[in-house]
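Quick notes on the structure that follows.
Position 1 is the first residue of the sequence; numbering continues from there. Keep in mind that what you see is a predicted model, and the values were worked out from it rather than measured. Quick note: numbers below take in every heavy atom, side chains included, and nothing from hydrogens, waters or symmetry partners.
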Amino acid sequence: MNVSWEELEGMCLSCHKCSLSETRHNVVIERGSRTARLMFVGEGPGEQEDLSGVPFVGPAGQFLDKLLIAAGFEDDDYYIANVVKCRPPNNRDPLEEEQAACIGYLRRQFLLVRPKIIVCLGRIAAKALINPDFKITKERGVWFERKGIYMCATFHPSAVLRDMSKKKPAWEDIKAVRRKFDELREEK
Ligand code: URA
Ligand code: SF4
């Protein structure tokens, strides 16, 4: 049986299962609607997220918000979480053991939100959720169906900010997410 939102929040806020707890300012759990049928998953909090306790509020998040607004999404159309809930120092990739320690919380978030669509933001989330050998450049924008849930991955917004040639494909991916979202509108 899954835990309640209150229990999950309590577990995350008091968690010391990996060493990221030693350097965090805040545990970063979620943003958006807990009943959304669309969920985005990033890799882990950056500096602004660590300071505010809210996912995707820094430059990457602001860019993501622009794409989502341009695709016609409203704030309560989606829910956002990360593979790890505490900031990796200097924004390094979260280590395998940190991801393994934390992923159970994300799985509980899936069970509570019950999204119809999960979009992985970047390579780390795609490897953790779709396939450990996932190749973001080749496989972004491809839909995978698992137990009635549609999953895909796109470039991480930070990667797009570093390399603007990724902007067009990222926008195509978000538009495809919009189409899938509209297609499944009747189902939740
Ligand atoms: N990058 C992520 O992967 N997640 C955040 O919450 C912010 C930046
Ligand atoms: Fe716990 Fe996850 Fe934070 Fe590690 S990253 S301390 S597992 S909440």
Can you confirm whether the side chains of T154 and D173 place a donor and an acceptor under 3.5 Å from each other?
yes

Interatomic distance, CD@Q109 vs NZ@K85, rounded to 0.5 Å, equals 4.0 Å

Counting distance only, does the side-chain N/O of E9 pair as donor-acceptor with the main-chain N or O of E6 below 3.5 Å? no

Tell me if a side-chain donor or acceptor on N26 pairs with a main-chain N or O of V28 at a distance below 3.5 Å. no

Residues pairing under ring-ring contact (aromatic ring centres under 6.0 Å, His included) where one sits in residues 44-72, two or more places apart or in two chains, turn out to be F56-H156

Do you reckon I103 sits in the same ILVMFWY cluster as L13, going by side-chain contacts under 4.5 Å, direct or chained? no

| Do the side chains of L68 and F40 get nearer than 4.5 Å, heavy atoms only? | yes

Worksheet entry | E97, CD atom: more than 12 neighbouring heavy atoms under 6.0 Å | yes

I118 vs P115 side-chain heavy atoms within contact, under 4.5 Å:
yes

query: For the side chain of D76 and the backbone of S33, is there at least one donor-acceptor N/O pair under 3.5 Å apart?
result: no

CG of L184 to CZ of R179, rounded to nearest 0.5 Å, is 13.0 Å

Taking the side chain as C-beta and beyond, is there a heavy-atom pair between Q99 and L95 under 4.5 Å?
no

Heavy atoms of G148 and K116 approach each other most closely as O-NZ, 3.7 Å

Here the gap from W171 atom CH2 to I174 atom CD1, rounded to the nearest 0.5 Å, amounts to 8.0 Å

Heavy atoms of K166 and A159 approach each other most closely as CD-O, 4.1 Å

Would a hydrophobic clustering, with Ile, Leu, Val, Met, Phe, Trp and Tyr connected at side-chain separations under 4.5 Å, put L38 with I130? yes

CZ of R114 to CG of L112, rounded to nearest 0.5 Å, is 9.5 Å

| query | With side chains defined as the heavy atoms from C-beta onward, is the minimum distance between F73 and F181 less than 4.5 Å? | reply | yes

field: Sub-4.5 Å side-chain heavy-atom contact between R108 and W5
entry: no

For V57 and S52 the tightest heavy-atom approach is CG2-OG, 3.4 Å

Worksheet item: When you measure from the side chain of K138 to the backbone N and O of I136, does any donor-acceptor pair fall under 3.5 Å?
Response: no

P88 and L20 have their tightest heavy-atom pair at CA-CD2, 3.6 Å

Distance col, row C120:SG vs M151:CE, nearest 0.5 angstrom, shows 4.5 Å

Heavy-atom nearest pair, V160 first then A170, reads CG2-CB, 4.0 Å

Is M39 reachable from V3 through a run of hydrophobic residues whose side-chain heavy atoms are each under 4.5 Å from the next? yes

Minimal heavy-atom distance between C15 and S21, with the atoms involved, is O-CB, 3.6 Å

Q.
Between R185 and D182, does any NZ, NE, NH1 or NH2 come within less than 4.0 Å of an OD or OE carboxylate oxygen?
A. yes

Under 4.0 Å between a side-chain nitrogen and a carboxylate oxygen: does that hold for E98 and R92? yes

Checking L121, L106, N82 against V41 for side-chain contact (heavy atoms from CB on, under 4.5 Å), the one that qualifies is L106

message = Can you confirm whether P94 sits close enough to V83 that some side-chain heavy atom of one is under 4.5 Å from a side-chain heavy atom of the other?
response = no

Quick one: are L64 and I80 in side-chain contact, heavy atoms under 4.5 Å? yes

query = Are I69 and I117 connected, step by step, through hydrophobic side chains (Ile, Leu, Val, Met, Phe, Trp, Tyr) whose heavy atoms are closer than 4.5 Å?
reply = no

Using a 3.5 Å distance criterion without hydrogens, assess whether the side chain of D50 forms a donor-acceptor pair with backbone atoms of R87. no

State, with a plain yes or no, whether a side-chain heavy atom of C152 is found less than 4.5 Å away from one of V142.
no

- Going by distance alone, is a donor N or O of one side chain under 3.5 Å from an acceptor N or O of the other, for E7 and S4? yes

Measure from NZ or CZ of K180 to the centre of the six-membered ring of Y150, then state whether that distance is under 6.0 Å and the direction lies within 45° of the axis. yes

E74 atom CD, neighbour heavy-atom count above 12 within 6.0 Å:
no

Does atom CG of D163 have more than 12 heavy-atom neighbours from other groups under 6.0 Å away? yes

Output for pair (H16 NE2, C86 SG), nearest 0.5 Å, gives 9.0 Å

R178 side-chain N/O to G72 backbone N/O, donor-acceptor pair under 3.5 Å: yes

Quick check: does any side chain N or O of K127 sit under 3.5 Å from a backbone N or O of P132, one acting as donor and the other as acceptor?
yes

Carboxylate-amine/guanidinium contact R123 D93, below 4.0 Å
yes

Check: Cation over ring, R31 on Y79, under 6.0 Å and within 45°?
Finding: no

According to a hydrophobic-cluster definition based on side-chain heavy atoms being under 4.5 Å apart (Ile, Leu, Val, Met, Phe, Trp, Tyr only), do F110 and I149 belong together? yes

Worksheet entry | Check: E49 side chain, G44 main-chain N or O, donor-acceptor pair, under 3.5 Å | no

Worked verdict on R37 versus D77 for salt bridge (charged side-chain N to carboxylate O under 4.0 Å, His left out): CA-CA 7 Å; R37 62 183 191 286; D77 284 336; 5.8 Å; no

